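The model shown is predicted, which means the values in this text are computed figures rather than measured ones.
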Amino acid sequence: MPKLSLVVPVYKVQGYLPECLDSILGQDCTDFEIIAVDDCSPDGSGAILDEYAKRDDRIHVIHLTENVGLGRARNAGLEKATGDYVLFLDSDDTLSDGALSAIRDRIEATGDPEILIFDYARTYWDGRVRPNLRADLLKEEGPDTFSLAERPQLLDLLQIVWNKAYRRDFVTRTGLTFPPGYYEDAPWTFCSLISTERIAVLDRVCVYYRQRREGGNILKTVSRKHFDVFDQYQRVFDYLDAHEELAKWRAPLFRKMVDHYLTVLERPGRLPQDARAEFFHRASADYRARVPKGFTRPGGGRGHKYGMLERDAYATMMSALAAVKLRQRVRTRTRTALNRSKRGAMGAFYQSQLRLPLDDNLVLFSAYWSRSVSCNPAAIDAELARLAPHMRRVWAVRADNAGRVPKGVNVVRVGSRDYWTAVARAKYLVNNVNFADSVVKREGQIHVQTHHGTPLKTMGLDQQKYPASTDMDFEKLLERCDRWDYSISANQFSTVIWERVYPCSYTTLETGYPRNDVLVNAGAEEVRAARAALGLADGAKAFLYMPTHREYQPGFTPPLDLGRFARELGPDATLLVRGHYFYGNSPHVDELRRTGRVVDVSGHARVEELYLAADALITDYSSAMFDYAVLDRPIISYVPDWDVYSAVRGTYFDLLQEPPGAVATTQAELLKLLSSGAYDSPETTKRRDTFRRRFCEFDDGHAAERVVRRVFLGEESLPPIVLFDERHHAPTPAQALELVERA
């Protein structure tokens, strides 16, 4: 039997669940079990639990067949617990390092108390950690164990279950279970504390209580479900009625009840406006029915609110709250005026356009900070033209890139009057990065964030852990992300990361990447045309080299001797070099391309055509590897600076351990792989297959169609994802040549 059982209820937390589980499994105390309860979560949380359970037999997963809510999910886990003590941990929170050892040691040092209470701290998206304001109540002073009567102030701690360890035989003896509904912690917390005779405290932060920026807290949801609080306190007082020996706790718990009712009533974002009077009258009825004889109201403003509840003086209470709101509105108006003055810098013209109606048939596209017509937005544009030709499609392009726009594309130059008109009036905004801070997201506008790659390197808020890689203003970043309505994902891996590092209230569309549709749907003619456009001869071997941006390098200097590559691989091999778009044109590559064996394709408009033309990809940390894998062609990871890159930028997995194919850490190793053909072997094929199944999960050739049907046509029923083993992809150059010759 383990010493500790941790019950972890799970629902819609795929972005945070791995961190929660890792914080438990990484503890130096190993004498525990995890009972993880998948409360019929609609996201990938259940699959994450199963994957962890495969790797560690201390994790036991329960998959509920219907969503039952937090309380009953905890009950399901509690029934399976076998440890001496039971702890509860919410699945978006984490344990601090050494927490379980500290809990175990304190339990043993205090002679196995029935309840051990430990400390916690709140953590925020921006890295702030705020201590528990009542941590003083957990000072390890006086006797090791005591009853609540000796330290009644413990009732003033937050009404939560996850800051305590409960002796399992105590839970069984008292018959404690969690009720359904909101505020389920109140009956459990109060009834357990007043029932125990032996409490101990641990003056140590053991849990980090995540304050999610968006979502995750049902108590911030406007709903009549907040009326559940009345049922919860009915359970508390029913418990008191059934245990006459606990009558002394009636007055303290009455005070907790009234404070709780007032909190629900006063907090914005809980009760619907038309339910507030009903809630107040029910709270008043409970007050009068349960007020103990001789009860003394608290002093000051709080006491006045008690009095209004006792008199059922709803109108008086609302007048008092209205006065508070008036003061808040005055402050809000001041802030609004300041914001308007800042927006005035955008220009009077943009302001005038913002006052005009939205154009429901206008779509504004942008890609890579308006550098090009490309990537996922371009694929969506093409599909939109096919499925919804009545839509008018316009691209935002910087003036210095206007000459690279394909013929037939409607363009507005960034900063022009036409641009500000489109930004202000387009119903749909589609981008693979963010629009500028000066862009105002209007009510009714729909912003589609397509992203531009599956992340190997850390992104968004995770970059806070690697300050050397960025000088980003993360608060501004999230304000930009708040404009998103949809986030496009190519795989579950990306979904989990995006939802954690961009914690905003968008809807994730797991459609696959639209730009990769062509890699599935292209035929022999498209492959041949892509090679012909690059001047590649039939039978010539073309390697596409795509190194990524390195924050610690000022310019693009390929970590590869291109001249040596050309000499050693012979005349039948061509290296296509594409520098990261951050670098622009590279003089270094310009010099080498004169050999004719090295072709600079950095300025090529569509990288997908380069993928179709290449026999194999050589890259390092670029998201190109995830896209190219759709083609099921060889991928070589050339990573001579893995230690530096992973330390400076941070990565989500170890590329040396989970590569998409062959790996080389020196130029000599790379040339040997290429010249010998070892880069394309049964072993590398097996690696690639594993990689493809993980990262090409939704890329079945219908991604753009799904996006258009869901976002622009409003269809809920979308084409299903084609099963992985039933998909096809574009032919290799050799296959394309054979098919054309046959035809």
Side-chain angles (χ1 to χ4, degrees), residues 114-115 117 132-134 136-139 142-143 145-161 163-164 166 170 174-176 178-179 181-201 226-267 279-314 316-317 320:
E114 292 167 318
I115 298 177
I117 308 175
N132 169 20
L133 297 178
R134 299 312 311 269
D136 59 296
L137 299 179
L138 300 177
K139 297 295 182 184
T145 60
F146 48 84
S147 67
L148 185 63
E150 296 172 82
R151 292 175 73 165
Q153 61 271 30
L154 289 176
L155 284 177
D156 292 331
L157 289 168
L158 192 64
Q159 299 159 30
I160 47 177
V161 302
N163 67 336
K164 304 173 184 72
Y166 302 88
F170 165 74
T174 53
L176 288 169
F178 290 94
Y182 284 15
Y183 307 106
E184 73 291 327
D185 280 10
W188 175 288
T189 300
F190 291 138
C191 295
S192 62
L193 284 174
I194 64 177
S195 298
T196 181
E197 297 179 356
R198 299 183 66 246
I199 302 173
V201 293
H226 293 282
F227 279 73
D228 289 353
V229 73
F230 298 119
D231 294 335
Q232 307 301 15
Y233 280 95
Q234 180 67 55
R235 294 181 174 96
V236 172
F237 283 90
D238 285 348
Y239 189 84
L240 283 172
D241 291 342
H243 295 81
E244 293 183 2
E245 72 278 9
L246 301 176
K248 61 185 176 183
W249 294 110
R250 193 170 294 274
L253 292 181
F254 174 80
R255 177 175 59 84
K256 299 303 296 182
M257 179 195 77
V258 176
D259 285 345
H260 204 161
Y261 288 176
L262 288 172
T263 295
V264 174
L265 190 66
E266 294 171 344
R267 291 283 171 86
F279 186 94
F280 185 91
H281 296 316
R282 285 193 61 179
S284 177
D286 276 5
Y287 188 108
R288 293 193 300 275
R290 293 177 183 150
V291 60
K293 290 182 179 180
F295 178 75
T296 302
R297 295 198 298 262
R302 200 71 177 166
H304 288 307
K305 293 174 183 178
Y306 272 54
M308 286 184 276
L309 263 186
E310 186 172 21
R311 299 191 305 274
D312 199 13
Y314 176 70
T316 306
M317 173 70 87

Asker: Can you name the nearest heavy-atom pair linking T196 to L193, along with the distance?
Answerer: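 Between these two residues, the closest heavy atoms are CG2-O, 3.3 Å.
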Asker: Check step by step if side-chain contact (heavy atoms from CB on, under 4.5 Å) holds for E150 and I199.
Answerer: CA-CA 10 Å; E150 296 172 82; I199 302 173; over 6 Å; no
Asker: Counting C-beta onward and ignoring hydrogens, is there a side-chain heavy-atom pair between Q234 and R290 closer than 4.5 Å?
Answerer: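 In contact.
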Asker: The criterion is side-chain contact (heavy atoms from CB on, under 4.5 Å); which residues satisfy it with E197, sequence neighbours excluded?
Answerer: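 Result, side-chain contact (heavy atoms from CB on, under 4.5 Å) vs E197: E114.
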Asker: Please report the shortest heavy-atom distance between S192 and Y166, naming the atom on each side.
Answerer: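 Closest heavy-atom pair between S192 and Y166: OG-CE2, 3.9 Å.
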Asker: Keeping the roles fixed (side chain from T189, backbone from A186), state whether a donor-acceptor pair exists under 3.5 Å.
Answerer: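 The answer is no, because no donor-acceptor pair under 3.5 Å joins these two groups.
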Asker: Would L158 and D185 count as a side-chain contact (heavy atoms from CB on, under 4.5 Å) here? Give the steps.
Answerer: CA-CA 10 Å; L158 192 64; D185 280 10; over 6 Å; no
Asker: Tell me if the CD atom of E244 is crowded by more than 12 foreign heavy atoms within 6.0 Å.
Answerer: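 Open: at most 12 neighbouring heavy atoms sit under 6.0 Å from CD of E244.
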Asker: Hey, what do you get for CG (L240) to CD (E245), rounding to the nearest 0.5 Å?
Answerer: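 One gets 9.5 Å once the value is rounded to the nearest 0.5 Å.
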Asker: Considering non-hydrogen atoms only, spot the tightest contact between E184 and F178 and give its length.
Answerer: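 Scanning both residues, the minimum pair turns out to be O-CD2, 4.0 Å.
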Asker: For residues C191 and L176, report the shortest heavy-atom separation together with the two atoms involved.
Answerer: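 Taking every non-hydrogen atom into account, CB-CD2, 4.1 Å.
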Asker: Take L154 and F146 through the test side-chain contact (heavy atoms from CB on, under 4.5 Å) and record every step on the way to the result.
Answerer: CA-CA 11 Å; L154 289 176; F146 48 84; 3.7 Å; yes
Asker: Checking R282 now: which residues fulfil salt bridge (charged side-chain N to carboxylate O under 4.0 Å, His left out) with it, not counting sequence neighbours?
Answerer: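 Expected list: none.
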Asker: Which atom names give the shortest non-hydrogen contact between D286 and F230, and what distance separates them?
Answerer: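 Taking D286 first and F230 second, the nearest heavy atoms are OD2-CD2, 3.5 Å.
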Asker: Kindly state whether the ring of H260 and the ring of Y183 have centres lying under 6.0 angstrom apart.
Answerer: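 So the answer is yes for these two rings.
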Asker: Is the backbone of F280 close enough, under 3.5 Å, to the side chain of S284 for a donor and an acceptor to pair up by distance?
Answerer: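 No; judged by distance alone, with no hydrogens or angles, the pair does not exist.
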Asker: Run the ring-centre check on Y261 versus Y233 and record whether the distance is less than 6.0 Å.
Answerer: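 Centroid separation for Y261 and Y233: below 6.0 Å.
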Asker: Do M317 and L262 touch side chain to side chain, with heavy atoms closer than 4.5 Å?
Answerer: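 In contact.
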Asker: Could you go through residues 246-256 and list every donor-acceptor pair under 3.5 Å that involves a side-chain atom there, pairing it with any protein atom two or more places apart or in another chain?
Answerer:
unit_1 : atom_1 : unit_2 : atom_2 : d
R250   : NH2    : D241   : OD1    : 2.9
K256   : NZ     : L155   : O      : 3.3

Asker: To the nearest 0.5 Å, what is the distance between OH (Y306) and CG (L309)?
Answerer: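 Nearest 0.5 Å value for the OH-CG distance: 9.0 Å.
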Asker: So how far is it from I117 CD1 to I160 CD1, rounded to the nearest 0.5 Å?
Answerer: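 Going from the CD1 atom of I117 to the CD1 atom of I160 covers 10.0 Å.
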Asker: Test of understanding: with side-chain hydrogen bond (donor to acceptor under 3.5 Å, both in side chains), list the residues that count as partners of K164, not counting sequence neighbours.
Answerer: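 In terms of side-chain hydrogen bond (donor to acceptor under 3.5 Å, both in side chains), with neighbours along the sequence ignored, K164 is linked to no residue.
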Asker: Please tell me if the side chains of V291 and V258 come closer than 4.5 Å, counting only heavy atoms from C-beta onward.
Answerer: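 No - every pair of side-chain heavy atoms lies 4.5 Å or more apart.
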Asker: For the atom pair CZ (R302) and CZ (R297), what is the distance rounded to the nearest 0.5 Å?
Answerer: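 One gets 13.5 Å once the value is rounded to the nearest 0.5 Å.
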Asker: Just do the side-chain contact (heavy atoms from CB on, under 4.5 Å) check on V201 and L137 with the steps written out, would you?
Answerer: CA-CA 9 Å; V201 293; L137 299 179; over 6 Å; no
Asker: Using the side-chain contact (heavy atoms from CB on, under 4.5 Å) criterion, which residues pair with K293? Sequence neighbours excluded.
Answerer: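 With neighbours one apart ignored, the set is empty.
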Asker: Can you list everything that forms a side-chain contact (heavy atoms from CB on, under 4.5 Å) with R235? Sequence neighbours excluded, please.
Answerer: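 Checked R235 against side-chain contact (heavy atoms from CB on, under 4.5 Å); matches are P179, P180, P187, D231, Q232.
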